[in-house]
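Order of listing sets the numbers, starting from 1, for every ligand and every atom in it.
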Amino acid sequence: MIREFNEINLAFRNSFHVKQHARRLVEFESEEEVMTIFRNEKPEKWMVLSGGNNILFTCDYDGLLLTPVSQTIEVIETQGDVVRLRVGAGVEWDDLVAWAVEQGLWGLENLSLIPGKAGAAPVQNIGAYGAEAKDVIRRVRFYDVEQGCMRSLDRAECTFGYRESIFKQSLKGRVVITEIEVELSRVANPRLGYGDVEREVARLGGATLKNIREAICSIRRSKLPDTAVLGNAGSFFKNPVVPREVAERLLAEYPDMPHYPAADPQQVKLAAGWLIDRAGLKGYRDGCVGVHEKQALVLVNHGGATGSEVIALARKVQVEVKQKFGVEIDTEVNIL
Ligand code: EPU
């Protein structure tokens with residue numbers, strides 16, 4: 001069922017809680033509703049606003065925002081131990097994870113408590129604790145605004161990478177995702193290799209599906225601020241991927257610097273949080289905005305900040321990291 005809002009305050013629809021307005025916002029449930037909107041209204045300026053967890057508004061939006069609200073989680077196929085689900089774009093990602101864990105289905109548990117909706121997960125290929133959305137997403141269905149029809153892409157066609165997909169590249173601004181297809185398994189496959197996960201799972205009594213979910217939730221709660229309390233958008237920056245020589249030069253000077261293999265063996269992924277921390281900016285505050293005191297990758301709104309104030313802080317962080325380490329860090333958050 002469609003709900004429509006005009007001149008809407010977006011403060012409660014973006015996790016940074018910045019107060020900007022949009023000319024119009026429409027919540028949609030079905031793909032028919034999306035098609036009807038584009039056929040009838042032919043909006044010139046439009047954008048999908050999903051959970052608002054990865055966006056920073058720096059000005060009012062003079063166009064149409066489309067928000068998915070469909071709550072469908074449906075088993076569409078079971079083949080041996082493999083279970084395939086159809087998930088509406090409006091389902092809260094963590095509700096999906098909780099549902100899967102409850103059903104004894106493996107694959108999503110390491111992605112517990114990531115804020116946002118299912119339809120946004122493929123866009124930046126959300127990831128945490130050694131897992132990525134691309135590991136489970138089989139297909140993405142969407143309305144293609146340029147072609148004026150529904151289409152779908154399988155996993156390979158989505159060209160997923162680290163916080164990347166075709167939806168941030170050639171299909172950017174062209175599609176409205178309506179559902180994703182996810183493939184899970186009844187066979188246990190604990191992934192405990194990242195950070196403190198193994199220790200936390202052992203403390204809870206072993207590698208069951210429920211314990212892994214609980215461990216990830218507790219690690220995240222201990223490091224990442226709750227958006228209901230402190231406005232933020234999770235990692236504000238992406239971890240930089242640098243040429244191997246750059247990483248070696250830095251490691252000679254900072255032997256304790258965290259570094260990880262990148263998709264290209266000639267490159268190395270560094271931890272932006274560590275670089276910002278070591279640049280002395282963890283916990284830094286300037287008026288209403290700041291760098292989170294427990295995780296330097298997260299910029300926070302202490303209350304009443306504007307998007308421009310957050311941007312000014314982000315620029316300062318980028319400049320100081322570049323000055324100290326010679327490394328550029330890019331934003332993960334979409335800036336509008
Ligand atoms: N570190 C510091 N100081 C900090 C933050 C991190 O020294 O303030 C160090 C940590 O000790 C660790 C390394 O940097 O050695 C990496 O930190 P962490 O394991 O916390 O992960 P991350 O690289 O900072 C990424 C994702 C997170 C995800 C975690 C866990 C990105 C941009 N971020 O953070 O994703 O939860 O790994 O898998 O890839 C998000 O995208 O919004 C997000 C929170």
- Message: Regarding Glu328 and Lys238, does a basic nitrogen lie under 4.0 Å from an acidic carboxylate oxygen?
- Response: no
- Query: Counting heavy atoms only, which part of Ser235 comes closer than 4.0 Å to ligand 1: side chain, backbone, both or neither?
  - Reply: both
- Item | Proximal atoms of ligand 1 relative to Ala271 (non-hydrogen, under 4.0 Å) | 13 (C), 14 (O), 16 (C)
- Query: Does Arg24 come within less than 4.0 Å of Glu4, counting only side-chain N to carboxylate O?
  - Reply: yes
- Counting heavy atoms under 4.0 Å, the part of Arg220 that contacts ligand 1 is side chain
- Stacked cation flag Lys45 on Tyr61, 6.0 angstrom / 45 deg: yes
- Is ligand 1 under 4.0 Å from a heavy atom in the side chain of Tyr162, in the backbone, in both, or in neither? side chain
- Item | Arg163 bridged to Asp330 by N-O distance under 4.0 Å | no
- Item | Backbone N/O of Val246 and side chain of Arg244: donor-acceptor pair under 3.5 Å | no
- For atom 38 (O) of ligand 1, closest protein heavy-atom neighbour: Tyr129 N, 2.6 Å
- Contact partition for Tyr260 relative to ligand 1, non-hydrogen atoms under 4.0 Å: side chain
- Note on the structure: Near Asn239 (heavy-atom distance under 4.0 Å), the atoms of ligand 1 are 23 (O), 31 (C), 32 (C), 39 (O)
- Query: Under 4.0 Å from atom 19 (O) of ligand 1, is there any protein heavy atom?
  - Reply: yes
- Message: Please list the nearest protein heavy atom to atom 8 (O) of ligand 1 with its residue and the distance rounded to 0.1 Å.
- Response: Ala296 N, 2.8 Å
- Item | ring pair (Phe, Tyr, Trp, His ring centres under 6.0 Å) partners of residues 303-333, not counting sequence neighbours, each pair once | Tyr254-Phe325, Trp274-Phe325
- atom 21 (O) of ligand 1 [closest protein heavy-atom partner, distance rounded to 0.1 Å]: Tyr194 OH, 3.3 Å
- Task: Would you mind running through ligand 1 and noting each atom that sits below 4.0 Å from a heavy atom of Leu297?
- Result: 22 (P), 24 (O), 32 (C), 33 (N), 34 (O)
- Can you find a protein heavy atom under 4.0 Å from atom 43 (C) of ligand 1? yes
- Task: Report, in ascending order of atom number, the atoms of ligand 1 lying under 4.0 Å from any heavy atom of Phe237.
- Result: 32 (C)
- Message: Check this for me, if you would: do Glu109 and Arg213 make a salt bridge, where the nitrogen-to-carboxylate-oxygen distance has to be below 4.0 angstrom?
- Response: no
- Note the single closest protein heavy atom to atom 3 (N) of ligand 1, along with its residue, its atom name and the distance in Å. Asp277 OD2, 2.8 Å
- Message: Under a 4.0 angstrom heavy-atom cut-off, which atoms of ligand 1 come close to Lys282?
- Response: 3 (N), 4 (C), 8 (O)
- Logged contact type for Pro258 with ligand 1, heavy-atom cut-off 4.0 Å, is side chain
- Look at ligand 1 and say whether Arg163 reaches it with a heavy atom at a distance under 4.0 Å. yes
- Note on the structure: heavy-atom search around atom 5 (C) of ligand 1 in the protein gives Gln295 OE1, 2.8 Å
- Message: Any donor-acceptor pair under 3.5 Å linking the side-chain atoms of Ser218 with those of Glu200?
- Response: yes
- Query: Is the Lys NZ or Arg CZ of Lys172 less than 6.0 Å from the centre of Phe167's six-membered ring, within 45° of the axis?
  - Reply: no
- Should the pair Glu320-Lys316 be classified as a salt bridge under the 4.0 Å nitrogen-to-oxygen rule? yes
- Task: For Gly234, counting its heavy atoms only, list the atoms of ligand 1 lying under 4.0 Å from any of them.
- Result: 42 (O)
- Item | Trp274 neighbourhood, listing ligand 1 atoms whose heavy-atom distance to it stays under 4.0 Å | 1 (N), 2 (C), 6 (C), 7 (O), 9 (C), 14 (O)
- Query: Which atoms of ligand 1 are found less than 4.0 Å from any heavy atom of Ala128?
  - Reply: 28 (C), 36 (O), 38 (O)
- Item | Pairing of Asp144 and Arg174 as salt bridge, 4.0 angstrom limit | yes
- Item | Sidechain N-carboxylate O distance under 4.0 Å for Asp256, Arg278 | yes
- Hey, is atom 11 (O) of ligand 1 touched by any protein heavy atom at less than 4.0 Å? no
- Taking NZ, NE, NH1 and NH2 as the nitrogens, is one of them in Lys282 or Asp277 under 4.0 Å from a carboxylate oxygen of the other? yes
